[in-house]
Amino acid sequence: MDNTTAKKVMLSGIQPSGDLHLGNYLGAVKNWADLADEFDCYYFMADLHTLTVRQNPAELRRRSTQQLAQYIACGLDPEKNTLFIQSHVHEHAELGWILNCYTMFGELSRMTQFKDKSAKNAENVNGGLFTYPSLMAADILLYQADFVPVGEDQKQHCELTRDIATRFNNIYGETFKVPEPYIPKVGARIMSLGAPNNKMSKSDPQGCVFLLDKPEDIARKFKRAVTDSDTEHCVRYAPQEKPGVANLMSIYSSVTGKSFDEIEREFDGKGYGVFKPAVGEAVIEHLRPIREEAERIIADKAYLSSVYTEGARKAQYIARKTLRKVYKKVGLVEKPF
Ligand code: ATP
Ligand code: LTN
């Protein structure tokens with residue numbers, strides 16, 4: 001592969017199908033900001049992927065650029081990371097089509113996200129929802145990514161991407177780097193504050209803390225967080241027995257850097273009535289500068305446009321090279337212009 005001496009490549013995307021929440025942040029974006037010096041990093045708004053579920057067009061446009069503002073506010077410096085909108089680099093859709101032809105019906109049928117989303121949207125189980133993972137594979141393979149930083153729920157899609165890349169390489173010779181998922185130790189699966197057996201998700205606004213939520217809303221959501229019926233209100237890390245408390249401990253640990261042992265000691269004998277608002281306060285203080293910075297950037301439309309324009313240009317330069325190679329390998333006639 002080209003540039004073996006160059007930095008390893010990190011790439012990830014999030015669908016602008018809702019506003020960013022604490023799960024997206026702790027499971028994904030927060031960890032991305034620290035990677036910029038060591039890796040060559042690409043992060044995008046997966047707007048094409050959102051079309052697998054009906055969207056309001058004006059809302060989708062708003063959320064795509066607001067998500068970019070939130071990426072930047074979370075510490076992704078556009079000078080050090082390539083930040084772009086997926087649909088601006090048409091190579092994604094083109095390679096997505098090709099990879100569809102190297103992805104098996106049986107493989108796609110086994111994807112948990114497909115099963116979940118088709119159950120939730122029974123009236124619109126469209127072809128895009130089914131072939132979603134081939135487009136995701138294209139997103140990753142176009143950039144010859146080494147690592148894909150995501151939350152736990154995306155591991156299955158990353159594994160399918162590896163299978164598709166390996167299959168293609170076996171037929172046509174070394175074409176794609178076979179990527180690995182890069183999953184954080186803490187925060188990889190933040191659960192809903194209202195139903196701690198379900199992952200935190202934008203489709204459950206009460207159990208979900210959004211990065212742009214006002215401090216009073218965050219405080220209220222944490223005060224109401226579901227814990228358990230332990231009469232001693234013991235703050236102890238036991239994910240099976242006490243999923244609600246374990247989730248709050250993971251959140252607290254992620255935003256303060258404290259270990260589970262330290263947290264247990266800090267709240268020893270204090271009960272949930274002290275613990276829950278303390279987690280809320282820590283989250284509020286952690287998110288405050290991010291929200292303020294995001295609001296400032298959202299108002300600066302010209303800046304946002306300059307960032308995604310430059311991002312698309314840089315991304316396309318790389319994507320085009322991979323796509324050209326793939327077209328040639330599969331037997332398409334070289335484009336004359
Ligand atoms: P939906 O609710 O529509 O399924 P989502 O809220 O799960 O969407 P995605 O766009 O699917 O958000 O996820 C974006 C990134 O955030 C992915 O890397 C995903 O793994 C991560 N992520 C999403 N939810 C969580 C969560 N609860 N805990 C940790 N990481 C998460
Ligand atoms: N499927 C992911 C979003 C996504 C993605 C990607 C993540 C689309 N393309 C490429 C990493 C790499 C999700 O639903 N969170």
Side-chain angles (χ1 to χ4, degrees), residues 9-32 41-55 63-64 67 70-71 74 84-87 89 92-93 95-96 99 111-121 128-129 131-143 145-162 164-165 179-205 207-211 243 247 250-251 254 315 319:
V9 175
M10 276 280 169
L11 172 138
S12 198
I14 296 187
Q15 299 185 60
S17 50
D19 294 318
L20 287 187
H21 57 72
L22 201 57
N24 301 143
Y25 175 65
L26 297 179
V29 187
K30 175 172 183 276
N31 314 301
W32 300 351
C41 297
Y42 297 82
Y43 302 112
F44 61 96
M45 322 316 130
D47 57 347
L48 294 174
H49 276 104
T50 68
L51 300 178
T52 56
V53 173
R54 276 303 164 260
Q55 302 291 331
R63 282 197 307 256
S64 298
Q67 184 170 311
Q70 290 172 70
Y71 278 1
C74 288
F84 64 101
I85 296 177
Q86 183 188 30
S87 61
V89 183
H92 288 244
L95 183 62
L99 296 184
M111 293 294 115
T112 319
Q113 185 168 308
F114 171 67
K115 290 191 233 169
D116 287 352
K117 295 218 166 160
S118 45
K120 278 192 203 147
N121 300 287
L129 198 62
T131 59
Y132 177 113
S134 314
L135 179 58
M136 176 158 163
D139 298 338
I140 299 169
L141 300 178
L142 272 177
Y143 300 89
D146 293 275
F147 300 108
V148 184
V150 282
E152 186 70 41
D153 63 317
Q154 293 302 313
K155 198 168 162 207
Q156 196 186 29
H157 285 157
C158 291
E159 271 154 16
L160 180 57
T161 300
R162 290 170 59 84
I164 297 170
E180 282 177 42
Y182 189 90
I183 297 172
K185 288 198 181 64
V186 179
R189 196 169 165 79
I190 299 297
M191 310 310 277
S192 160
L193 298 186
N197 289 315
N198 301 336
K199 78 166 190 160
M200 184 177 281
S201 156
K202 53 207 154 209
S203 45
D204 160 30
C208 182
V209 172
F210 294 98
L211 299 193
N247 186 42
S250 298
I251 294 174
S254 298

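All heavy atoms count here, side chains included; hydrogens, waters and symmetry mates do not. Start at 1 and go down the list; that is how both ligands and their atoms are numbered. What you see is a predicted model; the values in this text were computed from it and never measured.
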Under 4.0 Å from a heavy atom of F44: give me the atoms of ligand 2 that qualify, with their elements.
-> 6 (C), 9 (N), 10 (C)
Heavy atoms, side chains only, cut-off 4.5 Å: are S192 and N247 in contact?
-> no
Can you tell me the protein heavy atom closest to atom 7 (C) of ligand 2 and the distance?
-> G13 O, 3.3 Å
Just how far is it from atom CG of D139 to atom NE2 of H157, taken to the nearest 0.5 Å?
-> 11.5 Å
Counting heavy atoms only, which part of Y143 comes closer than 4.0 Å to ligand 2: side chain, backbone, both or neither?
-> neither
With a cut-off of 4.0 Å, which atoms of ligand 2 are near a heavy atom of H49?
-> 8 (C), 9 (N)
Between CZ of R63 and NZ of K202, what distance do you get to the nearest 0.5 Å?
-> 8.0 Å
Counting heavy atoms under 4.0 Å, the part of L135 that contacts ligand 2 is neither
How about H92 and Y143: are their ring centroids closer than 6.0 Å?
-> yes
Got a sec: does the NZ of K155 have more than 12 other heavy atoms crowding it under 6.0 Å?
-> no
From SG (C158) to CG (D153), nearest 0.5 Å = 9.5 Å
Going from OG on S17 to CE on M45, what distance comes out if it is rounded to the nearest 0.5 angstrom?
-> 13.0 Å
Of the backbone atoms (N, CA, C, O) and the side-chain heavy atoms from C-beta on, which set of Q154 has a member under 4.0 Å from an atom of ligand 2: side chain, backbone, both, or neither?
-> side chain
Taking any residue with a non-hydrogen atom under 4.0 angstrom from an atom of ligand 1, which ones do you get?
-> I14, Q15, H21, G23, N24, G27, A28, K117, V150, G151, D153, Q154, G187, A188, R189, I190, K199, M200, S201, K202
Y132 N/O to ligand 2 N/O under 3.5 Å = yes
By number and element, which atoms of ligand 2 are closer than 4.0 Å to a non-hydrogen atom of D139?
-> 6 (C), 8 (C), 9 (N), 10 (C)
Atoms in ligand 2 flagged as close to I140, the criterion being non-hydrogen separation under 4.0 Å = 10 (C), 12 (C)
For ligand 2, which atoms have a heavy atom of Q15 less than 4.0 angstrom away?
-> 14 (O)
Identify, by atom number and element, the atoms of ligand 2 in contact range of V148, meaning under 4.0 Å from any of its heavy atoms.
-> 11 (C), 12 (C)
To the nearest 0.5 Å, tell me how far S201 OG sits from I190 CD1.
-> 13.5 Å
Ligand 2 contact by Q113, heavy-atom criterion under 4.0 angstrom | yes
Above 12 or not: heavy atoms from other molecules or residues under 6.0 Å from CZ of F210?
-> yes
Interatomic distance, D204 atom CG to K199 atom NZ [nearest 0.5 angstrom] | 11.5 Å
Does any non-hydrogen side-chain atom of M111 lie less than 4.5 Å from one of L160?
-> yes
What class does the angle between the rings of Y71 and W32 fall in, given that below 30° is parallel, 30 to 60° is tilted and above 60° is perpendicular?
-> perpendicular
